[in-house]
Amino acid sequence: MQEAELHDLSDDADYAASQQQGSASMIRCDSGKRSSSSEPEGAEIVFLKDNVTIHPTQFASERISGRLKLIKQGSSLFLTWIPYKGQTANARLSEKDKNLYTIRAVPFADVRSIRRHTPAIGWQYIIVLMSSGIASPPLYFYNGGVREFLATVKQHVFLVRSGEDSNVFLVNDFQNPLQRTLSSLELPRAVPAASVPSSPVSVRDSTSHENEDRTDMGVSDKSASSQYHGRQRQKVNDPARDLSIQVLEKFSLVTKFARETTSQLFREAHSHSNGFGAFERRNSNQSSLDYSHKASDDEEEVPNRSPVAPDPLEKVPYRKQNHDDEAATNVGTFELIDLKEFDKLSLVWGKPRQPPLGLEEWATFLDSEGRVVDPKALRKRIFYGGVEHKLRREVWAILLGYHAYESTYAEREYLRSIKKAEYETIKNQWQSISPEQAKRFTKFRERKGLIEKDVVRTDRSLPFYDGDDNPNVNLLRDILLTYSFYNFDLGYCQGMSDLLSPIVFVMEDDESESFWCFVALMERLGPNFNRDQNGMHTQLFALSKLVELLDTPLHKYFSQNDCLNYFFCFRWILIQFKREFEYEKTMRLWEVLWTHYLSEHLHLYVCVAILKRYRSKIMGEQMDFDTLLKFINELSGQIDLDAVLRDAEALCICAGENGAACIPPGTPPSLPVDNGLFYSQQDDEVL
Amino acid sequence: MASRRRMLLKVIILGDSGVGKTSLMNQYVNRKFSNQYKATIGADFLTKEVQFEDRLFTLQIWDTAGQERFQSLGVAFYRGADCCVLVYDVNVMKSFDNLNNWREEFLIQAAPSDPENFPFVVLGNKVDVDGGNSRVVSEKKAKAWCASKGNIPYFETSAKEGFNVDAAFECIAKNALKNEPEEEMGAKPAAMDFPYLSS
Ligand SMILES: Nc1nc2c(ncn2[C@@H]2O[C@H](COP(=O)(O)OP(=O)(O)OP(=O)(O)O)[C@@H](O)[C@H]2O)c(=O)[nH]1
Ligand SMILES: [Mg+2]
């Protein structure tokens with residue numbers, strides 16, 4: 001142990017020295033060769049390190065080595081890590097797997113911090129944490145060189161060592177007032193570690209770190225962390241505390257996510273046919289931290305029960321068992337990530353999106369009579385890639401719950417014919433209203449008028465709905481009017497035409513099928529349109545809680561700027577992002593959401609993911625409520641769906657149980673808890 | 001003068017769904033009319049610079065959804081308004097009948113300090129339709145209602161043809177300005193109500 005600390009110390013001393021020398025000699029010290037192949041024009045490689053390796057699983061044979069580079073282009077610095085071609089020991093690691101881990105030109109503008117680990121035994125590694133809260137897998141430097149790496153980074157971007165944890169280096173965090181303070185403070189040298197309440201120390205006066213770190217490192221790992229805690233207790237009001245909490249929080253998410261993903265990959269490797277059970281059974285020796293784990297057969301629910309500390313700052317029993325009381329402290333959580341633990345950690349980016357499900361593959365999900373053999377596998381497949389357009393007609397009806405997964409071709413055909421007759425009956429109810437009767441049926445006239453005004457304002461720029469007297473527009477009208485009779489209490493509300501339009505488009509103008517698919521969708525989204533707007537308020541509330549959990553600074557910003565009502569996300573939620581993406585992308589997003597894979601409320605994580613993408617702009621420009629609303633409205637058409645879905649997936653897994661706890665039971669699109677009562681208070685306004 | 005902060009005048013447009021609020025706002029700010037506007041979900045605003053007597057103002061025009069069900073959102077958008085525009089469709093009686101509801105709802109939610117004298121402007125839109133033959137609300141009737149509510153200025157407009165839109169908004173801006181205290185921007189309420197977060 002002691003040696004290890006000394007090792008760490010020497011690393012720091014060198015680090016400090018490198019700062020003084022301006023690091024010129026450090027750059028490219030590992031390999032002078034410049035690769036010219038993959039770099040864009042005008043880019044310069046400022047750092048290159050071979051044999052940087054990730055450990056996707058605990059098996060040595062499955063490690064992937066590659067080359068890490070820092071590339072400077074203009075004023076931007078990028079990080080890349082590209083696995084070597086065809087040198088993997090293990091045949092199971094396909095090129096696809098490697099692609100999964102490849103880091104292609106991550107700009108440092110998106111990096112929040114770099115965590116350095118210099119463990120007692122084994123290799124040094126770093127974890128890169130993105131502003132979005134997503135982190136890289138641990139990158140092991142088999143040939144050493146972490147300090148040169150950091151020194152080089154520091155030459156090109158604003159890098160400051162966290163005052164709380166000398167192994168965390170914060171990147172470009174100008175938004176945070178604390179960071180501004182940190183960078184301007186240039187604190188005096190030699191801060192005696194034990195006695196002074198941890199003053200934030202800038203990396204710039206790195207010479208002072210020698211003293212400080214020596215003090216820290218002279219003790220064992222455990223007491224070093226307990227010492228952090230000792231300081232922590234003395235300075236409740238120190239703004240640095242929030243930062244540390246934030247970092248801790250993020251990293252506890254990272255490790256948790258990594259653990260999930262590892263177990264997922266692990267299991268996928270062992271059950272090729274059906275990777276869906278990813279969260280099914282956790283590897284029992286996976287981690288001593290799995291203390292909240294409950295075995296469960298209910299796969300769908302498992303993400304909600306995944307092992308995550310209820311509060312990253314809470315006391316951790318594991319710690320208590322193994323260390324003295326002092327060490328069993330809140331802040332110590334971070335230190336729980338020990339070597340053994342990390343050996344199993346791996347991928348923490350959201351998975352790359354897959355191509356949409358095609359006809360041939362679809363057939364493999366069905367038995368000879370047309371039943372979906374493994375609904376969960378299907379849902380997972382669609383979650384990661386969506387569905388090819390020509391398949392949507394068939395698949396949407398099942399995803400939406402109109403047809404059952406276990407139904408046969410024949411049963412579906414039969415249901416279609418029954419439902420067609422039923423549809424005609426309901427439609428007849430309003431079609432048979434004569435003009436004379438309509439004169440004395442104000443509610444009907446008004447409802448019809450409202451629908452007619454809206455259908456001519458729905459997706460008219462699409463060829464499918466454009467032009468005068470377009471029959472598809474009439475179809476929208478008829479279906480909405482029929483629905484307002486089918487569910488007279490809910491009636492018609494603006495936004496419904498937006499939800500119906502893609503369904504009619506996909507169902508190739510089959511009126512009855514469109515109607516019943518819409519009915520199935522409204523089973524879940526109906527509460528969005530309730531008169532008391534409770535469905536919307538519950539979702540906006542859950543969203544605010546999720547942001548608080550997943551991006552505390554952004555939450556604080558919103559709360560300080562009167563933005564906590566989240567009304568700027570109203571449109572996103574009311575019509576499931578229908579106005580935010582182009583038509584095809586909306587359909588892709590919807591089918592992904594409808595899988596309810598990972599969560600019924602993925603749409604809320606999509607909201608968080610989008611907000612996180614623009615967080616630095618929002619906070620940097622000090623947007624007030626009005627400006628923010630305008631900004632969000634104008635994001636329409638600008639959002640990268642695949643990237644946002646990956647982030648949302650990662651955030652959802654990160655948040656785990658804590659995330660699920662932010663979302664009250666019955667929050668749409670969960671099915672209503674009590675069916676009978678839902679639309680009962682609406683009699684006063686029937687439109 | 002130059003150093004003085006440019007004044008923001010906040011205007012809210014209210015009225016039943018489909019009466020032409022979005023169309024009117026776009027006609028005034030962008031000078032165009034499109035058949036492809038979508039029904040408004042939530043709220044949005046456009047801004048326009050206006051000048052009175054050598055002073056420049058920013059007119060911030062808020063367009064909200066017309067369906068009654070969304071009215072509870074109003075509280076977030078109405079606050080700090082300097083003038084409220086009530087729009088109806090001269091061809092739809094119900095939209096005229098509802099003006100009173102909109103006015104009262106606004107006064108409740110925006111809670112202006114002097115509700116009696118808060119400036120409203122009423123617009124009767126779509127006068128172009130069918131050459132005026134499908135009209136169901138007469139100018140006389142509309143003006144009578146406006147008079148009964150404290151002489152609200154009244155304009156007949158067509159967002160489609162741009163008829164009377166500029167004149168109407170000039171009046172709207174002037175009324176908004178009248179509502180602003182001379183020196184500073186009106187103090188906006190600090191906190192918004194959000195029942196779930198108040199505890
Ligand atoms: N002929 C005619 N049509 C108009 C006029 N103004 C609006 N319209 C049409 O009326 C319909 C509704 O117009 P919008 O401006 O979208 O109405 P809105 O009041 O914003 O409606 P919501 O957003 O639903 O509250 C659209 O089809 C417009 O093209 C007008 O002055 N004349
Ligand atoms: Mg509108």
Side-chain angles (χ1 to χ4, degrees), chain A residues 442 445-446 449-450 452-461 466 468 490-498 529-534 536-538 540-542 544-545 559 562-575 578-579 624-626 629-630 632-634 664 682 684-685 687, chain B residues 8 10 12 16-23 34-47 58 60-81 89 91-95 97-98 101 126 188-199:
Chain A
T442 307
R445 282 199 323 272
E446 285 172 3
L450 190 53
E452 276 168 351
K453 269 191 192 106
D454 280 2
V455 293
V456 297
R457 292 186 288 170
T458 305
D459 296 321
R460 295 306 292 285
S461 54
D466 73 0
D468 293 339
L490 184 61
Y492 174 76
C493 180
Q494 287 189 307
M496 288 184 184
S497 68
D498 278 281
F529 302 100
N530 274 0
R531 180 177 167 73
D532 61 8
Q533 291 287 295
N534 235 334
M536 287 303 297
H537 284 303
T538 327
L540 293 170
F541 171 65
S544 80
K545 288 288 158 200
S559 98
D562 283 352
C563 295
L564 273 190
N565 59 24
Y566 281 82
F567 281 170
F568 46 86
C569 296
F570 186 85
R571 188 174 78 192
W572 290 1
I573 292 175
L574 186 84
I575 49 174
K578 166 70 163 41
R579 303 265 181 104
D624 60 9
F625 179 81
D626 295 358
L629 179 93
K630 186 104 190 127
I632 299 258
N633 282 346
E634 286 176 356
Q682 309 212 28
D684 49 345
E685 189 223 14
L687 267 181
Chain B
L8 186 79
K10 181 168 176 176
I12 315 280
D16 280 8
S17 174
V19 297
K21 300 180 293 296
T22 303
S23 301
S34 156
N35 273 318
Q36 298 197 341
Y37 294 129
K38 294 162 185 257
T40 307
I41 304 255
D44 203 356
F45 63 84
L46 291 178
T47 54
T58 302
Q60 187 191 52
I61 305 164
W62 282 78
D63 176 30
T64 56
Q67 190 162 10
E68 229 177 306
R69 231 169 273 198
F70 297 129
Q71 270 183 27
S72 66
L73 286 176
V75 69
F77 307 123
Y78 298 173
R79 64 190 181 134
D89 179 343
N91 309 287
V92 179
M93 184 56 78
K94 178 82 188 281
S95 71
D97 292 340
N98 265 341
N101 295 338
K126 302 200 194 183
K188 317 283 187 215
M192 234 185 286
D193 243 359
F194 195 56
Y196 302 101
L197 296 174
S198 55
S199 60

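Chain A is the first sequence line, chain B the second, and so forth, proteins listed ahead of strands; every chain is numbered from 1. Fair warning: this is a prediction, and the values are worked out from it, not measured in the lab.
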Residue pair A:Gln494 / B:Gly66: nearest heavy atoms and the distance that separates them | OE1-N, 4.1 Å
Who pairs with A:Ser559 by side chain to side chain contact (heavy atoms under 4.5 Å, CB included), at least two apart in sequence or on another chain?
-> A:Leu564
Check whether A:Asp626 gets within reach of chain B through its side chain, its backbone, both or neither, counting any heavy atom under 4.5 Å.
-> both
Check each atom of B:Phe45 against the heavy atoms of chain A and say whether the ones under 4.5 Å are side chain, backbone, both or neither.
-> both
Provide the closest heavy-atom pair for B:Arg79 versus A:Phe625 in the form atom of the first, atom of the second, distance.
-> NH2-CB, 3.7 Å
Name the option with the most non-hydrogen atom pairs under 4.5 Å to chain B; the candidates are A:Thr458, A:Asp498, A:Asn633, A:Leu574.
-> A:Asn633
Please name the pair of heavy atoms, one in B:Ala39 and one in A:Asp454, separated by the smallest distance, quoted to 0.1 Å.
-> CB-OD1, 3.8 Å
Between the main-chain N or O of A:Val456 and the side-chain N or O of B:Asn35, is there a donor-acceptor pair closer than 3.5 Å?
-> no
Sorted by chain and residue number, the salt bridge (Lys or Arg N to Asp or Glu O under 4.0 Å) partners of B:Asp89 (sequence neighbours excluded) come out as B:Lys126
Do A:Arg457 and B:Ser17 have side chains that get closer than 4.5 Å, going by heavy atoms?
-> yes
For chain B, which of A:Lys453, A:Arg460, A:Glu634, A:Arg579 has the most heavy-atom pairs under 4.5 Å?
-> A:Arg579
Gap separating the NZ atom of B:Lys38 from the CD1 atom of A:Ile575, nearest 0.5 angstrom | 8.0 Å
Note: A:Leu450 and B:Gln67 closest approach over all heavy atoms is CD2-NE2, 3.6 Å
Search all heavy atoms of B:Arg69 against all heavy atoms of A:Gln533 and return the closest pair with its distance.
-> O-CG, 3.4 Å
Hey, can you tell me if B:Phe70 and A:Phe570 have their rings parallel, tilted or perpendicular (30° and 60° cut-offs)?
-> perpendicular
For the residue pair A:Leu629 and B:Trp62, establish whether any side-chain heavy-atom pair is separated by less than 4.5 Å.
-> yes
